[in-house]
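Below is one structure, written out as structure tokens; the observations come after it.
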Amino acid sequence: MATSTSSNVNMDELEGTAKKSSKNGINSKLDLVINNRKHANYVFDILEYLQADKDKDVVSAVNASKKLFCVLLKRGDLFVGKLPSEEDILSADHNAEQKYRMFMRHRYNICKDLLLELIHHESFKVKESALVTLMKFVSVEGRFPLLAKDWEEHYHFPRELLKAVAGQLLSENEDMALLISRFQEFLEMADVRYYIMRSISDSVVRVMGKAKGVILPVYQGNVFLLTSSICMPTQEAELSNFLVKQAAKQGDWKAAKLKEHKRAFEQMWICFLKYKLPSSMYKKVLVILHDSILPHMSKPTLMIDFLTAAYDVGGAISLLALNGLFVLIHQHNLDYPDFYKKLYSLLEPSVFHVKYRARFFHLTNIFLSSSHLPIYLVAAFAKRLSRLALTAPPATLLMILPFICNLIRRHPACRVLIHRLSASDEPCDDPYLMEVDDPAHCHALESSLWELQTLQKHYHPDVAKAAIAINKPLTEQEDDISKLLELSAYEMFERSLKEKENQAVPLELEVATQLLQGSGAVLRAHFSLE
Amino acid sequence: MKFTERSNTFLLPHEIHNLQMGKPQKKSLADKVRRTKTSTEIKNNPFEVKINRKKFEVLGQKTKHDVGLPGVSRSKAIQKRKDTLLKEYKQKDKSNKFIDRRFGEYDTKMAPEDKILKRFALERQRTHDRKDMYNLNEEEELTHYGQSLAEIEKFNDAVDSDSDSEEKGLLSAELTASHFGGGGGLLRKKTAGEKGNEGDQKQKSRQELIDELIMKSKQQKRERQNQKEESQVLTEKLDQDWKSIQVLLSKKPPKSENKEDEQKPKLEEYDMMVRELGFEMKAQPSEKMKTPEEVAREEKERLQKMEADRLRRMQGDLEESGGEKQVHWSADDLNDGFILDKEDKRTLSYQDGKWNIEEEVEKEEEEEVEEGGDDDEEEGESGQEEGSQSDAESEEENEGSDEEEGHSDLDSEEESEGEEELPPKPSSSLSEEERLAEQEVAKAELPYTFTAPENYSDLKSLIHGHSPEKQLLIVERIQKCNHPSLAVGNKVKLQKLFGFLLEYIGELATRSPPGLDTINKLIPQLCGLCQLFPAAACKAMQTVLSDSAHEMEEAIEVKGRTSFPGLDMLIYLKITALLFPTSDFRHPVVTPALMYISQALTKCPVTTLEEVTSGLVLCCLVLEYVTLSQRFVPELINFLLGLLHLAVPVKQSLGYPVVPPFRPVGKSCNLLVMRNAEGAESWSKKTLPLAGVQGLSLPSEVERDHYRLSSLATCLDLVKRCASLYKSLPSFDHVFQPIRILLAKHLPVESFPAHIKDLHREILELISGAPTLHPPLVFEKKKPIPLKLFTPKIVEVLDYGKKRGSSKQERERERLKHKYKKEFKGALREIRKDTKFLAREKLSEIMSRDSERKRKVKELFGSLATQEGEWKALKRRKK
């Protein structure tokens, strides 16, 4: 045992020295390359380390190359203009200075390629440092452009490099969530954001065009992550943070204009949403649509097609599309035929169990708050909701019961649902037709809300109390359901625990002697202790 | 009689003046008439009477002033003025006059003896009562200093025992009487007492009299002191004499005296006894022995009362508004819904000799202790050592108690051994044989007293290694040894014991295989403890529930779903139903428990047969919870529908909605679909094992099919129970419609055994009858609000003619103001009348004076005329 540990220690020491030596070596070589052109060939060693096995070596190499090429760029030691191939350099007659610059430029290009490859490295640390280095190159290259100024251009931005970075980020095989979140800090800069949006649109068109209607979940996930992490400015003045400070006036630069930003943003989203999405992606998009996409579009009406399609999908996606549709109807005069009919058909038992329940009922509440709705429609909604309430969990019931009461309050003509005076003695069957999807033909107005009467026998005391409200004429004041929308079963549970803590606890009358004893003895009838 | 008349007239002062005036006052004619006429005559004379007209007749009112007699009142007023004002006026510029009313004081003609006699007679007359008028032979009672002489003579010597001060007081009283009586009494006495011998003597002066009196009193005092001293000396002498004689008289032997001495303490003892007995509490009349019938009847009444109480709680405050229940309304009820609920009110009471307020404090303590519950074993051991000490203390009590039931075979030696020995703690390192052997020993030597465990590991070490029966016995003994009435801290200990038992049960349930048998045995103990400490039990159950619900909630937040609660939670839920009334409208434990089950039934997806079992157990529990109260649980129906859906082989064109956690299609959607038809034939109805929740070992497909069928049968039975339970709900049809469609159209009944077929048929019969008809909803009828009526408001008026509507002070002020005004006016009037009267008097005076002068002038003229005439006549005659 003792021997083995000592050998381990030795091994560690050895490794430690090796590591140190490699790091020291890289740094010393870096110094040599920077300080003396004679040692320019050490750059190969540095680039070699970029492909090393150990993460630490790679990271230090990445850092070294960052330092090296930044210095070279600033010095102007890289060839500017159209770069001849390496063979041409040898054949053509260039002076030593030019040759050196061309040589270094080639090394720089190779370094960039290697770094772009490193973005797919297993280690996040490597990935991260590669990304940061590339973005550093972007910023330095922007200041010291590598393109010859053969034509009048004032605005330099290394678009190609950024596009390549974007292309690497939007991987088709790998989930880049972590790196994208790291990338978010660069997206705060207006120029990076603008060019990234442009590159995303290009990338989506290219990749999805190739896929031909096939869903690429990973790729689309990456695209969604990147696009959704773009935080759009709302005012022109906010466009002040740039990665590359332009020497000339910024007024004409596209990246400095909000309008251009909006256009790019819009184009990016439309390109992305044009193709078929996985359903989870659909939901994600719809969740943020009304909040962070529609306000930043120059023409939100372009989303109508997407939203109507989503609304027709059914289920949770329809529920979510409702929100975007609401924005369009409310703010952009969208006229949607049979909107209420569709909304009516959305009411299914599952509505009470989905995650977006609160959002859906919030919107439904808004849609049904109009006093110009026909009575039959409101009655149909009230009746359908109460029928569905027969399967709802108590947390939802606490919300839906005041909801129905509010509907009746808003439309006093609906009071017949809970108070029908004519022929009050004759019992009748429920004339309401649940299966009919058209609220106009479901005979809701001829029915009564017996379901609420049923719920008066609900096991939860609060629900029973809420249901008993229909026994008396409703109060004028509407109930505030905004607090009840988010009510969860766990909150109710907690509340029921807290209630009446300091009161005497009633006990069961008969003292039990066996486990399976009890009222009804249902458990004993079906289960045995063995 | 003559004298009196005269003296009376004499004593009227104004008549003196009148007499002095010389000429009597002239009186008006009217006055004369009035005086002569009687009052009735005046009243009947219409000319005298002035009638005050009344505006309205008021019933029952008595008026004083309906008839006025102006003449009478005027003459009265004039008379009064004459008596008073006129006199003042007459005496206006005159000096005062002293009027001596003594009889014959200024009468020089009268002899002084006569005068005194007369005066004495007058005085006698004044004191003489009317009733004595005809008392002829009444002797005059002679007095001396106001006391009758006869009496003084009678009690001459009786004064000696009186103290000086009293005498002084008596004397001084007499003195003062004589001093402040104005001397009249003194004089009188003198006249009375010394009439005979002092008749000739001149009257003594006042100073002399007083001196005499003082002299006399001093003398008397001295005499009395002397007397007293003498009598004291005499009595002392007599006492001494008596003593000397007494010794001679009592010739009895001294023994008798001793005897008396002995008797005395005896008597005291006896007295003490008597007194003690007197003060001792009287024996309270105890309740008479009840006959079995009485006991039974009382028990029945108690049960009825409790059942009524349960119903009340079940209905909660919901149906109090319901009309069917006749609620007693107090006359003082404000009808504001405020009801003093006796059950819910926490009253200050004594519990085991302590205020029940302390419970909360103890609870806190308990929590504190529980925090420190995870102590190492050393503490536990030391606790046990302490316990062994306390064992000795509690031995006596246990000897008397009859807890050795069923252990009569243990002889006393073993018992004593057991008391000395601590409960064995078999360590896991011991070999199997050793352990067994030790167990044998332990079984034989089960101690009779246990200390209450301080923490859970204590309990475990106490219980570990015993058979369920022994464990039960141990717990029972712990409970008995630490009964709250035995020591102060026991209550807390037992409350903790409840928590430990719960924990132990949870641990038993999580074992595999679960120790359900032991749990079953422990139930009565748990119930007993719960009956003792409902609040602590409630708290413990709530903690268990909230911990588990919290876990569940975390899982739901992360994944959106959760797994079914373990067997321990199921057992806890079952125990909740055993301990607490499930039918209450709202209960601090049962309501959360139901919420918990509901959450489990909606959030836990069913993917395995074990989960089916868990779900079925939960369904059974829910059904048990609501059997009594018949409350509606939508989750139960949803879940049962989902389970049945798992048994439907063909999932196309479903006519019913499937509610989460179940999905219409997907993996594990055919969980309960039969794989082979053979399984159906060999299946027979069996109860499912509770342990199936933890894991099932069903190697073959046939066994699995059997299990599926059992689950399905259970499920169908539950549906049947639900259907009969909810038959009365208004929406019964709609609630069961999905199940009806599923059973009728989709379930492959043909392939199932006969038992399930029967069940299926019964359910369909139950739920597919003709749709029940309901009257449309109407609001509850309520009493119509009475119309506003415009009847006048009636205010009782008790004092007519007085101003109302103001406060008492204001009214008093008004009254005084009015009175002042009236008085002021009256005074003005009086003054005016007075001046008028005076003016009239003055005028008449002047007139009389004038007429006098005229008369005198006339006289003078006349005399002069006569003189003149005479002179002229003389002259003529002379001529």
Side-chain angles (χ1 to χ4, degrees), chain A residues 348-350 353 355 387 390-394 418-421 424-429 448-451 453-455 457-459 461 464-465 468 471-473 489-490 492-493 496-497 499-501 503-509 511-515 517-520 522-523 526-530, chain B residues 306 313 316 318 344 346 516 519-520 523-524 527 531 534-535 538 542 546 549 553 574 577-581 584-586 588 591-592 594-595 598-599 602 620 623-624 626-628 631-634 638 657 659-660 687-690 714 729-731 734-735 771 773-780:
Chain A
E348 278 173 2
S350 59
H353 297 271
K355 230 195 306 183
R387 180 63 65 82
L390 287 179
T391 61
I418 53 170
H419 183 59
R420 189 182 300 279
L421 274 180
S424 59
D425 294 336
E426 293 172 21
C428 58
D429 191 20
S448 280
L449 301 183
W450 287 289
E451 291 83 4
Q453 204 181 16
T454 306
L455 287 175
K457 291 287 279 179
H458 195 271
Y459 69 94
K465 266 188 183 171
I468 214 123
N471 278 358
K472 286 176 187 157
Y490 186 65
M492 282 179 74
F493 175 81
S496 66
L497 273 186
E499 269 167 12
K500 292 184 174 182
E501 250 177 8
Q503 290 200 350
V505 185
L507 294 177
E508 183 63 44
L509 307 185
V511 178
T513 51
Q514 281 195 328
L515 183 63
Q517 212 176 8
S519 53
V522 187
L523 200 61
H526 299 290
F527 287 92
S528 58
L529 287 176
E530 280 90 53
Chain B
M306 286 164 91
R313 279 184 278 126
L318 255 190
D344 299 335
R346 187 194 180 85
L516 292 173
I519 295 175
N520 198 14
I523 291 295
C527 286
Q531 296 283 340
C538 166
Q542 281 185 336
S546 99
E553 175 63 16
K574 177 62 201 166
L578 290 179
L579 295 184
F580 302 107
D584 280 15
F585 182 65
R586 194 190 287 274
T591 308
L594 264 174
M595 286 293 297
S598 143
Q599 188 73 344
T602 42
C620 289
L623 211 53
E624 279 190 8
V626 296
T627 300
L628 263 179
R631 298 226 164 82
F632 177 49
V633 187
N638 291 347
V659 183
T687 55
L688 299 169
L690 260 183
T714 306
L729 288 182
S731 306
H734 303 297
V735 170
L773 306 176
H774 303 284
L777 291 181
V778 283
F779 292 144
E780 273 175 4

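Chain letters run A, B, ... following the sequence lines, proteins first and then strands; every chain starts at 1.
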- request: Kindly determine whether B:F632 and B:S731 satisfy side-chain contact (heavy atoms from CB on, under 4.5 Å), including the steps that lead there.
  value: CA-CA 11 Å; B:F632 177 49; B:S731 306; over 6 Å; no
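- Among the candidates B:V735, B:D584, B:L594, the residue making the largest number of heavy-atom pairs closer than 4.5 Å to chain A is B:L594.
- Minimum interatomic distance between A:A489 and B:M595 (heavy atoms only, all atoms of both residues): O-CE, 3.5 Å.
- Rounding to the nearest 0.5 Å places CG of A:N471 at 12.0 Å from NE2 of A:H419.
- For B:A549, the parts sitting under 4.5 Å from any heavy atom of chain A are the backbone and the side chain alike.
- Interatomic distance, A:L497 CG to A:M492 CE, rounded to the nearest 0.5 Å: 12.0 Å.
- Interface summary for chain A: among B:Q599, B:R631, B:Q531, the most heavy-atom pairs under 4.5 angstrom belong to B:R631.
- Of the listed residues (A:T391, A:L390, A:T454, A:L455), the one with the most heavy-atom contacts under 4.5 Å to chain B is A:T454.
- Between the side chain of B:T627 and the backbone N or O of B:L623, at least one donor-acceptor pair lies under 3.5 Å.
- Counting heavy-atom pairs closer than 4.5 Å to chain A, the top-ranked of the candidates B:A577, B:P657, B:S546 is B:S546.
- For B:I519, the part lying near chain A is the side chain, with the backbone staying farther off; criterion is any non-hydrogen pair under 4.5 Å.
- Side-chain N or O atoms of B:T591 include none that pairs as donor or acceptor with a backbone N or O of B:P588 at under 3.5 Å.
- Contact of B:N638 with chain A is made through the side chain alone, with heavy-atom distances under 4.5 Å.
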